[in-house]
Amino acid sequence: MSTVPKRFEILLVPGHVEERHGASVADSAVRSAVVEATGRHGETGYPIYEGHGVRADIDPETRTVEALLVDGRELDYALTPLVRPAP
């Protein structure tokens, strides 16, 4: 039986960043947020995680963001959400 992680960190990285010249993904992010499971599921069927102005439906097995709102708005196409375990 798998367990759903309680929290993740979401990093919003510009899609045009191809070469970071040694910088980490976290250094390339324009925004990050630690989000916690709410115990609810979104319209996608995946668990909802919220925190720091970010609301995301995340597939906990693949760490894929299925839906995302940042400050109540959809994400700009120029940004890519990356998910990693919360620190």
Side-chain angles (χ1 to χ4, degrees):
M1 184 171 129
S2 66
T3 60
V4 175
K6 300 284 185 213
R7 53 194 279 170
F8 285 112
E9 181 176 24
I10 296 178
L11 303 168
L12 302 179
V13 179
H16 69 276
V17 175
E18 294 176 15
E19 179 59 47
R20 295 196 232 333
H21 302 289
S24 70
V25 173
D27 290 338
S28 301
V30 296
R31 183 166 175 177
S32 67
V34 174
V35 293
E36 297 192 16
T38 64
R40 301 183 322 264
H41 287 76
E43 291 182 22
T44 63
Y46 291 103
I48 297 172
Y49 290 80
E50 292 183 332
H52 304 276
V54 175
R55 180 178 190 253
D57 294 11
I58 300 174
D59 178 344
E61 289 185 30
T62 64
R63 295 185 184 165
T64 301
V65 176
E66 299 293 339
L68 180 68
L69 294 176
V70 178
D71 297 331
R73 296 182 170 201
E74 292 183 10
L75 186 65
D76 185 331
Y77 286 112
L79 297 174
T80 301
L82 302 176
V83 177
R84 67 182 188 178

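Basis for what follows: all heavy atoms, side chains included, without hydrogens, waters or symmetry-related copies. Keep in mind it's a predicted model, so treat the numbers as computed, not measured.
Scored by the side-chain hydrogen bond (donor to acceptor under 3.5 Å, both in side chains) test, Thr64 finds Thr62 as partners (sequence neighbours excluded). For the salt bridge (charged side-chain N to carboxylate O under 4.0 Å, His left out) test, residues two or more places apart in sequence or in another chain that qualify with Glu36 are Arg7. Arg63 pairs by the salt bridge (charged side-chain N to carboxylate O under 4.0 Å, His left out) definition with nothing, not counting sequence neighbours. Legend: residues meeting salt bridge (charged side-chain N to carboxylate O under 4.0 Å, His left out) with Arg73, ordered by chain and number and at least two apart, are absent. Considering only residues two or more places apart in sequence or on other chains, Pro5 meets the side-chain contact (heavy atoms from CB on, under 4.5 Å) condition with Phe8, Tyr49, Pro60.
For residues 76-87, the side chain to side chain donor-acceptor pair (under 3.5 Å) pairs, not counting sequence neighbours, are Glu9-Arg84.
Residues Leu75 and Val65 form no side-chain contact, since every pair of their non-hydrogen atoms from C-beta on lies 4.5 Å or further apart. In this structure the side chain of Leu69 reaches within 4.5 angstrom of the side chain of Glu74, judged on heavy atoms.
Connection of Tyr46 to Val35 is not established within any shared hydrophobic cluster, with ILVMFWY side chains joined at heavy-atom distances below 4.5 Å, either directly or through further cluster members.
Rounding to the nearest 0.5 Å gives a distance of 6.5 Å between CG of Leu12 and CG of Leu68. To the nearest 0.5 angstrom, His52 atom NE2 is 12.0 Å from Asp71 atom CG. To the nearest 0.5 Å, atoms CD1 (Ile48) and OG1 (Thr38) are separated by 4.5 Å. With values rounded to the nearest 0.5 angstrom, Leu11 atom CG is found 11.5 Å from Leu79 atom CG.
For the pair Ser28 (side chain) and Val13 (backbone), a donor-acceptor distance under 3.5 Å is absent.
Of all heavy-atom pairs spanning Val70 and Arg31, the tightest one is CG1-NH1, 3.3 Å.
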